[in-house]
Amino acid sequence: MTTSWADSVDNSVIGSSDANAARPARSTYVPPHLRNKPPSSEPPVASHSSSLPANDRVNYGGPTAGSRGGGSYNRPDHGRQEYGYSGRTGGGWNNRGGGWDRGREREVNPFEDDEATDHAFGEQENTGINFDAYDDIPVDTSGENVPPPVNTFAEIDLGEALNHNIRRCKYVKPTPVQRYAIPISLAGRDLMACAQTGSGKTAAFCFPIISGILKMQHVQRPRIGRTAFPLALILSPTRELSCQIHDEAKKFSYQTGVKVVVAYGGAPINQQMRELERGVDILVATPGRLVDLLERARVSLQMIRYLALDEADRMLDMGFEPQIRKIVEQMDMPLQGLRQTMLFSATFPKEIQRLASDFLSNYVFLAVGRVGSSTDLIAQRVEYVLESDKRSHLMDLLHAQRENGIIGKQGLTLVFVETKKGADALEHWLCLNGFPATSIHGDRTQQERELALRSFKSGNTPILVATDVAARGLDIPRVAHVVNFDLPNDIDDYVHRIGRTGRAGKMGLATAFFNDNNFSLAKPLADLMQEANQEVPAWLTRFAARASYGGGNRNRRSGGSRFGGRDFRRDGQHNKGPEYYGGTGGYGVPASYGGGYGPPGVASAWD
DNA sequence: AAAAAAG
């Protein structure tokens with residue numbers, strides 16, 4: 001077992017260098033008692049933003065500037081029927097990049113960026129998911145007549161165009177969550193799916209949606225004013241995550257004729273409305289902007305066949321639940337049973353499962369992997385650090401990383417803090433001390449947020465200070481280290497934060513700064529680490545013991561099965577009838593779930 | 001208590 005975090009980064013994340021070599025002088029390190037001296041010789045890299053390529057990506061994910069006056073304004077094509085692969089993909093398509101965007105019909109090749117990235121970062125990095133990392137992990141399903149899993153994409157009839165795109169994405173075989181979720185979803189079943197961070201959930205709900213839309217041959221969509229009638233709606237809790245899902249969905253639906261549009265706040269709504277007018281099959285959105293569009297009658301949900309909530313537990317927690325209820329229950333969305341609903345997350349607390357069952361009809365519950373963390377893939381460290389020592393402690397980590405060559409394009413560091421102000425302050429301080437950092441949080445403009453994320457991803461600014469806005473879902477390759485500078489109060493948030501590393505089968509490191517303020521997290525954190533086969537420091541175990549014994553344990557999971565990796569319907573006290581899962585659904589759901597109540601031993605992996 | 005999400 002390695003003892004120093006630097007060793008473990010060395011072994012697990014990036015190639016090798018001699019971690020035990022004498023440390024070179026720390027040109028930029030200022031010990032705490034000398035911190036008021038002028039900053040070091042190394043410039044604080046303030047110019048990173050201006051050095052970004054100007055054509056990096058279209059702002060706000062909208063259409064390219066050139067398409068603005070394109071004359072498509074009066075030609076909504078909501079009623080378009082051409083979903084076959086043959087109709088639109090034959091001749092006529094010119095997907096070579098670089099030229100001016102002249103026609104509204106032109107579809108940008110979403111794979112070009114990736115190919116460029118592959119070259120920039122060397123061969124190894126982008127060979128797709130390391131599937132072997134997901135072998136042999138526990139899977140638990142419950143519900144009536146659960147469709148069996150598949151082992152290969154070839155076994156599923158996703159259609160040739162989609163299969164081609166899957167190959168272009170370099171997905172060789174489905175991840176476990178995909179093996180189970182895709183057949184369930186193709187069978188038309190509602191689904192609540194729990195799967196580890198970074199295990200391919202986006203594709204798991206996108207493939208069936210795209211495939212389902214391609215098979216819908218004769219959908220007549222109304223033409224009413226400038227209202228768009230999407231067939232699928234994907235909701236997510238942050239703007240950047242919606243953007244990311246949109247980008248992924250565009251890849252999967254490339255040259256299929258299926259149109260994907262994204263709508264989120266902080267960006268000009270007019271551009272998004274124009275995109276919608278040009279036709280939309282799959283709408284990816286954040287809740288606030290969608291409500292806005294619904295109220296303006298620019299979007300109608302009456303044709304929705306597929307509803308997917310990513311980070312579903314987050315979408316149904318206190319902050320979001322009213323908006324989600326409004327969208328799902330109080331607008332013109334078809335009732336459950338008439339649409340297909342899929343909920344995905346890495347965490348699913350029982351009380352949220354209970355809420356969620358309002359939206360589902362005779363659903364399958366699926367839990368893949370030890371819900372919580374990618375166990376072996378993320379090395380977790382906890383260090384006891386007083387508030388007053390956090391900055392210098394972080395500095396120590398960063399200097400050691402720099403010496404190991406783990407700062408820069410090959411190794412990004414994501415630092416989580418509790419508050420927006422704290423994020424600004426830490427970013428500023430890191431820059432002053434010679435570490436190229438940027439930040440992302442809800443007080444920054446959307447442009448700043450997207451620039452920060454791009455700059456981080458590209459390695460231009462290899463340190464990102466973030467609030468929980470970046471905790472969920474974001475897939476940032478090459479994040480080698482997640483630092484919980486401030487720990488969250490909720491263990492689920494911790495799980496999602498550290499899940500920004502160790503993705504797609506690659507290894508990662510997570511370091512947490514713990515002190516007395518985090519007392520209430522001691523027990524769940526110690527439990528989680530133990531379950532993930534991580535070394536739990538003795539002092540943390542002592543904290544945990546005190547916490548569970550005194551009144552300090554207000555964690556909702558204490559005593560019950562942890563990590564939400566279990567269908568709440570299987571817990572005795574919830575097992576009292578159909579009111580929990582579809583009272584208003586069109587289907588008379590029987591009080592019993594058939595296969596849902598397996599022998600008690602089946603769920604042991606989750607206890 | 002904080003963060004996110006509409007403007």
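Bear in mind the structure is a predicted one, so any value in this text is a computation, not a measurement. A note on names: the letters A, B, ... follow the listed sequences, proteins ahead of strands, and every chain is numbered from 1.
Distance from the side chain of A/N489 is smallest for B/dA1 among the nucleotides B/dA6, B/dA1, B/dA3. Distance from the side chain of A/K420 is smallest for B/dA4 among the nucleotides B/dA1, B/dA6, B/dA4. Nearest nucleotide to the side chain of A/E418, out of B/dA5, B/dA3, B/dA2: B/dA2. Counting only heavy atoms from C-beta on, A/T419 has its side chain closest to B/dA2 among B/dA2, B/dA4, B/dA1.
In this structure, A/T467 reaches the B/dA4 phosphate: one of its side-chain N or O atoms is under 4.0 Å from OP1 or OP2. Taking only side-chain nitrogens and oxygens, A/R449 comes nearer than 4.0 Å to OP1 or OP2 of B/dA5. For B/dA4, neither phosphate oxygen OP1 nor OP2 lies less than 4.0 angstrom from any side-chain nitrogen or oxygen of A/T286.
Taking atom CG of residue A/N517 and atom P of nucleotide B/dA2, one finds them 14 Å apart after rounding to whole Å. Computed from coordinates, the A/F320 CZ to B/dA5 C1' distance equals 5 Å when rounded to whole Å. Distance A/R497 CZ to B/dA4 P: 11 Å, rounded to the nearest Å. Atom NZ of A/K421 is separated from atom P of B/dA4 by 15 Å (rounded to the nearest Å). Here the C1' atom of nucleotide B/dA2 and the CG atom of A/N518 are 14 Å apart, to the nearest Å. Atom CE of A/M318 and atom P of B/dA5 are 17 Å apart (whole Å). Look at CD on A/Q323: it is 14 Å from P on B/dA4, rounded to the nearest Å. One interatomic measurement links the two molecules: NE2 of A/H441 to C1' of B/dA5, which rounds to 16 Å at whole-angstrom precision.
Within 4.0 Å (heavy atoms only), A/R239 reaches sugar-phosphate atoms of the nucleic acid but no base atom. When heavy atoms are screened at a 4.0 angstrom cut-off, A/G442 is found touching the sugar-phosphate backbone but no base atom.
For the pair A/K420 and A/D443, the salt-bridge criterion is met [side-chain N within less than 4.0 Å of a carboxylate O]. A salt bridge links A/K326 to A/E295: one of the charged nitrogens lies within less than 4.0 Å of a carboxylate oxygen.
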Determine, step by step, whether A/F252 and A/F207 satisfy the ring-ring contact (aromatic ring centres under 6.0 Å, His included) criterion, reporting the C-alpha distance in whole Å, the side-chain angles of both residues, the deciding distance to 0.1 Å, and the verdict. CA-CA 7 Å; A/F252 303 148; A/F207 291 175; 4.7 Å; yes
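A/F416 is not listed as a side-chain neighbour of A/D486, based on a closest heavy-atom distance of 4.5 Å or more.
The one candidate from A/L521, A/D516, A/N518 that meets the side chain to side chain contact (heavy atoms under 4.5 Å, CB included) condition with A/F543 is A/D516.
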